[in-house]
There are 4 protein chains.
Amino acid sequence: MRSDTGRDGGRTFTERARREQILACAVEAIAELGYARASLAEIARRAGVSKGVVSYYFPGKDRLLEQVVADVYTRAGAAIAAATAGRTGAAFLRAYLEANLGFLADHPADIRAVTEIVMNLRGPDGAPRFAPTGEDPVLGHLEQMLRDGQQAGEFRDFDARSMAVLLRGAVDTASGRLVTDPGFDLAAYTRELMATAELATRRVR
Amino acid sequence: MRSDTGRDGGRTFTERARREQILACAVEAIAELGYARASLAEIARRAGVSKGVVSYYFPGKDRLLEQVVADVYTRAGAAIAAATAGRTGAAFLRAYLEANLGFLADHPADIRAVTEIVMNLRGPDGAPRFAPTGEDPVLGHLEQMLRDGQQAGEFRDFDARSMAVLLRGAVDTASGRLVTDPGFDLAAYTRELMATAELATRRVR
Amino acid sequence: MRSDTGRDGGRTFTERARREQILACAVEAIAELGYARASLAEIARRAGVSKGVVSYYFPGKDRLLEQVVADVYTRAGAAIAAATAGRTGAAFLRAYLEANLGFLADHPADIRAVTEIVMNLRGPDGAPRFAPTGEDPVLGHLEQMLRDGQQAGEFRDFDARSMAVLLRGAVDTASGRLVTDPGFDLAAYTRELMATAELATRRVR
Amino acid sequence: MRSDTGRDGGRTFTERARREQILACAVEAIAELGYARASLAEIARRAGVSKGVVSYYFPGKDRLLEQVVADVYTRAGAAIAAATAGRTGAAFLRAYLEANLGFLADHPADIRAVTEIVMNLRGPDGAPRFAPTGEDPVLGHLEQMLRDGQQAGEFRDFDARSMAVLLRGAVDTASGRLVTDPGFDLAAYTRELMATAELATRRVR
DNA sequence: CATGAATGAGGCTTCATTCAT
DNA sequence: GATGAATGAAGCCTCATTCAT
């Protein structure tokens with residue numbers, strides 16, 4: 001047993017490193033070239049390994065892409081959860097939006113890649129694999145927090161579901177801009193989105 | 001040359017009909033199957049013609065897809081222009097959003113298809129063909145109208161560019177929801193978006 | 001409408017010709033190289049066409065192989081049915097075996113290919129696609145004819161099922177020999193098989 | 001070299017055990033999954049070892065498969081030789097067929113695996129590795145014993161070669177049935193085959 | 001001895017495109 | 001104008017094999 005074969009969760013050190021490397025290269029390739037052009041060959045090329053290696057670590061391209069999504073979701077979710085811990089109402093909303101756009105600013109490629117995958121990856125039956133539906137947990141959480149703020153009397157009486165969709169749409173659009181529009185000013189956008197959220201949700205006297 | 005092939009702009013009647021039919025089937029296929037699965041064969045199948053016909057009318061798949069985008073943009077632009085004609089400031093904004101979401105409600109497949117194409121179609125160099133940039137005419141127009149409203153004293157002093165991006169993002173997200181989220185309530189969303197826009201842009205006393 | 005595009009059963013003349021050509025080349029390749037080495041590329045090469053053409057005419061390799069089996073079964077069945085028409089008992093058995101071995105002599109590659117496919121082709125679940133089971137129609141027919149001969153008092157009281165399996169095995173083994181054993185004497189084998197069948201089935205005084 | 005690695009014929013105890021284990025798992029995998037799906041990875045998985053181990057003990061997959069055949073042939077040959085020792089003529093034939101079908105009943109997977117390998121394994125030139133030819137020792141032995149029986153006046157004057165092929169075919173077909181046809185009655189088949197052999201070979205008065 | 005890791009060839013399939021008719 | 005036919009590239013995947021540790 002050598003130092004580079006230490007086990008952790010059933011996986012060797014090198015295996016975990018390779019997996020992460022491949023995931024990173026997949027994100028990079030998708031963010032840069034788009035979903036359709038991000039072939040396994042391209043991902044392997046960026047990782048400096050042969051095509052077979054990718055298949056060796058992931059049982060199929062779909063699984064790899066799903067892993068990318070799960071990976072980024074996990075990291076983004078953790079960052080946002082940490083930033084919003086213990087907050088409710090307007091304070092939550094501010095922290096939530098700030099954390100979302102902050103993650104975007106720090107990991108634009110990750111978000112871009114996830115967006116591409118979510119929009120394009122389909123199951124064998126042709127149905128979208130990550131289609132946003134009523135049960136979307138991300139959206140559901142935001143909606144619930146908005147509803148809580150309303151019950152606490154902090155927010156006005158808007159349709160929580162629609163407002164949640166609107167705010168997520170405003171967040172998501174930023175990721176697209178960030179990658180393709182070089183003139184996009186994320187800081188200004190963040191300020192304006194937070195102001196808009198504040199004005200659109202606060203209880204009117 | 002037969003009697004049923006009257007000329008119009010250098011194109012016979014049947015030719016124009018075929019083109020429109022193919023474009024319509026392309027929209028249908030992309031909206032239903034997604035960008036990657038909408039092959040020329042599938043489009044031809046839906047149009048009830050052979051693959052060769054598609055190639056005959058459009059010099060390459062890319063051109064066909066570009067034409068789909070141009071087509072829908074033209075129709076949507078006309079509808080929105082008609083609805084907002086002569087209006088400025090808050091009145092313009094209301095009419096603009098209402099017309100946008102109205103077009104969405106009337107032509108969800110068109111919007112879905114265009115979204116897919118815009119996100120996926122790339123040039124030979126790999127660069128996005130329709131990437132939103134600073135020169136995006138759609139966005140530019142909205143931005144200008146917002147700026148006009150500010151100068152007229154009707155709107156508060158927000159960053160017009162960011163607000164334009166935000167509102168477009170809020171509009172675009174609705175198209176995605178409309179197709180994949182069966183529980184999405186477009187009417188409620190429209191109301192909430194218009195309320196939000198009103199609250200976020202009006203001059204605060 | 002030209003002479004080479006005459007329709008027949010929804011298929012053009014060229015299409016039927018190509019299909020038959022591909023089927024023939026598949027038989028040839030499998031008989032010569034064995035199941036595992038008979039790739040689509042090899043089949044296409046023998047047909048003098050590109051790999052894509054095979055996929056153009058058959059929706060997948062499995063379907064092509066299934067078609068080979070169906071094809072040969074149909075032809076062999078027709079030949080045997082014609083040779084045994086109206087016969088029963090020992091006369092049927094003689095004609096049956098003679099027709100079987102005759103078809104073998106005339107189309108050794110076909111039989112060899114079918115044998116390979118039947119033994120190797122598996123479904124997506126890994127289960128054999130043509131596994132001989134109790135419901136095997138070919139075997140069932142022979143068994144029934146043997147039983148009829150017993151009831152007519154022409155045959156002794158053997159186990160009809162076992163005898164059917166035995167005779168089919170004796171027929172099938174000849175196809176293997178014919179291809180791989182250059183010294184195999186089919187005529188002598190035919191004589192001996194018919195003599196054996198006669199001796200093994202006839203009513204003993 | 002430890003105490004548990006006593007040498008025998010140049011091979012340690014564990015080495016021989018490993019070889020036998022791998023051979024057994026190869027048989028199992030081929031019998032169950034068929035030739036094409038029995039990959040080294042699958043065989044290694046069933047043996048509970050890594051792929052490298054298989055390569056370590058056998059210099060290539062072909063050699064492993066050849067060894068499987070040799071192994072089963074050796075065991076089957078020994079069993080049959082023991083059962084037929086000292087017998088000739090009809091007595092030999094009865095014992096021979098009984099021992100063959102008995103081995104089949106006791107080791108169906110072995111026979112199935114060998115059948116698959118014999119039918120599929122090819123040399124680099126594409127030629128079958130185990131094709132039955134005129135020099136087939138198994139067949140040759142049976143043929144010789146039949147001839148001896150004829151010269152002893154016990155058998156009628158059939159073509160010994162053809163009869164040998166016929167009987168081997170009747171034996172081999174049972175192995176195929178045994179694996180794929182759940183309703184196959186091996187005991188009944190054995191009885192019928194022995195009766196048939198008796199009737200077909202005995203000297204007619 | 002044994003393992004995990006990596007390779008590269010080859011297979012099947014899909015698809016945009018071209019061309020003769 | 002329109003079609004069926006054919007191509008060839010590219011994609012994903014599986015697998016036997018090799019190698020450093």
Side-chain angles (χ1 to χ4, degrees), chain A residues 1-5 7 11-15 17-18 36-44 47-62 64, chain B residues 1-2 5 12 14-15 18 36-44 49-62 64, chain C residues 1-5 7 11-15 17-18 36-44 47-62 64, chain D residues 1-2 5 12 14-15 18 36-44 49-62 64:
Chain A
M1 196 89 42
R2 300 288 172 64
S3 63
D4 72 336
T5 57
R7 296 194 155 269
R11 295 222 170 90
T12 62
F13 173 77
T14 23
E15 178 162 2
R18 263 275 184 270
R37 293 188 181 236
S39 66
L40 284 192
E42 176 63 25
I43 293 169
V49 297
S50 85
K51 235 176 7 173
V53 174
V54 180
S55 295
Y56 181 79
Y57 284 97
F58 297 90
K61 193 187 189 187
D62 291 9
L64 166 58
Chain B
M1 212 64 53
R2 303 286 176 61
T5 57
T12 63
T14 32
E15 187 164 356
R18 269 267 190 272
R37 293 182 184 239
S39 66
L40 283 191
E42 176 63 26
I43 293 169
V49 299
S50 81
K51 260 187 317 182
V53 175
V54 179
S55 295
Y56 180 82
Y57 282 100
F58 300 91
K61 193 186 189 187
D62 292 8
L64 166 58
Chain C
M1 197 87 43
R2 300 287 173 62
S3 62
D4 72 336
T5 58
R7 299 198 153 268
R11 295 219 171 91
T12 61
F13 172 77
T14 25
E15 177 162 2
R18 265 274 185 268
R37 291 187 183 238
S39 66
L40 285 192
E42 177 62 26
I43 293 170
V49 298
S50 84
K51 235 177 7 174
V53 173
V54 180
S55 294
Y56 181 80
Y57 284 96
F58 298 90
K61 193 185 188 187
D62 292 8
L64 166 59
Chain D
M1 220 59 55
R2 302 288 173 61
T5 59
T12 64
T14 33
E15 188 165 355
R18 269 267 189 272
R37 293 183 186 239
S39 67
L40 285 191
E42 177 62 25
I43 293 169
V49 299
S50 82
K51 260 186 317 182
V53 175
V54 179
S55 295
Y56 180 82
Y57 283 99
F58 299 90
K61 193 184 188 186
D62 292 7
L64 165 58

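Computation of the quantities below employed the complete heavy-atom set of this structure, encompassing side-chain atoms and omitting hydrogens, waters and symmetry-equivalent molecules. By convention in this document, chain letters (A, B, ...) are assigned in the order of the sequence lines, proteins followed by strands, and residues within each chain are numbered from 1. Computed from a prediction, not measured in an experiment: that's the story for all the values here.
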K.L.:
Does the base of E:dT17 carry an N or O that pairs as donor and acceptor with the side chain of B:Lys51 under 3.5 Å?
P.N.:
yes
K.L.:
So which atom in A:Ile43 and which in A:Ala38 form the shortest heavy-atom distance, rounded to 0.1 Å?
P.N.:
CD1-O, 4.2 Å
K.L.:
If you check the B:Leu40 side chain, which of E:dA16, E:dT7, F:dA2 turns out closest?
P.N.:
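Nearest nucleotide to the side chain: E:dA16.
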K.L.:
From CZ of D:Arg37 over to P of F:dA16, roughly how many Å is that when rounded to an integer?
P.N.:
14 Å
K.L.:
Please list, chain by chain and in numerical order, all residues satisfying side-chain contact (heavy atoms from CB on, under 4.5 Å) with A:Ser50, sequence neighbours excluded.
P.N.:
A:Val53
K.L.:
DNA chain E: A:Val49 or B:Ala36, which has the more 5' nearest nucleotide?
P.N.:
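Between the two, 5'-proximity favours A:Val49.
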K.L.:
Measure across C:Tyr57 and C:Thr14 and return the closest heavy-atom pair with its distance rounded to 0.1 Å.
P.N.:
OH-O, 4.5 Å
K.L.:
Provide the closest heavy-atom pair for D:Ala41 versus D:Lys51 in the form atom of the first, atom of the second, distance.
P.N.:
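Distance-wise, the nearest heavy atoms are CA-CG, 3.7 Å.
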K.L.:
Excluding sequence neighbours, so at least two apart, what forms side-chain contact (heavy atoms from CB on, under 4.5 Å) with C:Ala17?
P.N.:
none
K.L.:
Measuring from B:Arg18:CZ to B:Tyr56:OH, what's the distance to the nearest 0.5 Å?
P.N.:
11.5 Å
K.L.:
Do you know which two heavy atoms are closest between C:Leu40 and C:Ser55, and how far apart they sit?
P.N.:
CD1-OG, 4.4 Å
K.L.:
In this structure, how many angstroms lie between the C1' atom of E:dC12 and the CD atom of C:Glu42, rounded?
P.N.:
15 Å
K.L.:
Measure the distance from CG on A:Leu64 to P on F:dC12 and round it to the nearest whole Å.
P.N.:
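Distance, rounded to whole Å: 10 Å.
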K.L.:
More 5' along DNA chain F: A:Gly52 or B:Gly52, using each one's nearest nucleotide?
P.N.:
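Closest to the 5' end, via its nearest nucleotide, is B:Gly52.
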K.L.:
Of the listed nucleotides (F:dT3, F:dG11, E:dA16), which one gets closest to any side-chain atom of B:Ser39?
P.N.:
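Taking heavy atoms from C-beta onward, the closest nucleotide is E:dA16.
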K.L.:
Can you work out whether B:Ser50 or D:Ala38 has the more 5'-proximal nearest nucleotide on DNA chain F?
P.N.:
B:Ser50
K.L.:
Does F:dA6 have its OP1 or OP2 closer than 4.0 Å to a side-chain nitrogen or oxygen of C:Arg18?
P.N.:
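The answer is yes; a side-chain N or O of C:Arg18 sits under 4.0 Å from OP1 or OP2.
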K.L.:
Listed by chain and number, what are the side-chain contact (heavy atoms from CB on, under 4.5 Å) partners of C:Ala36, not counting sequence neighbours?
P.N.:
none
K.L.:
What's the shortest heavy-atom distance between D:Glu42 and D:Arg37, and which atoms?
P.N.:
CB-O, 4.5 Å
K.L.:
Could you tell me the separation between the CD atom of C:Glu15 and the P atom of E:dA20, rounded to a whole number of Å?
P.N.:
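Atom-to-atom, C:Glu15 to E:dA20, this comes out as 21 Å.
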K.L.:
Pull out every residue in residues 55-62 of chain A that has a heavy atom closer than 4.0 Å to any atom of DNA chain E, ordered by number, or say none.
P.N.:
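The stretch gives A:Tyr56, A:Tyr57 as the residues lying under 4.0 Å from the strand, ordered by number.
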K.L.:
Name the stems with DNA chain E in them: runs of three or more consecutive Watson-Crick or G-U pairs, distances under 3.5 Å?
P.N.:
E:2-21 with F:2-21
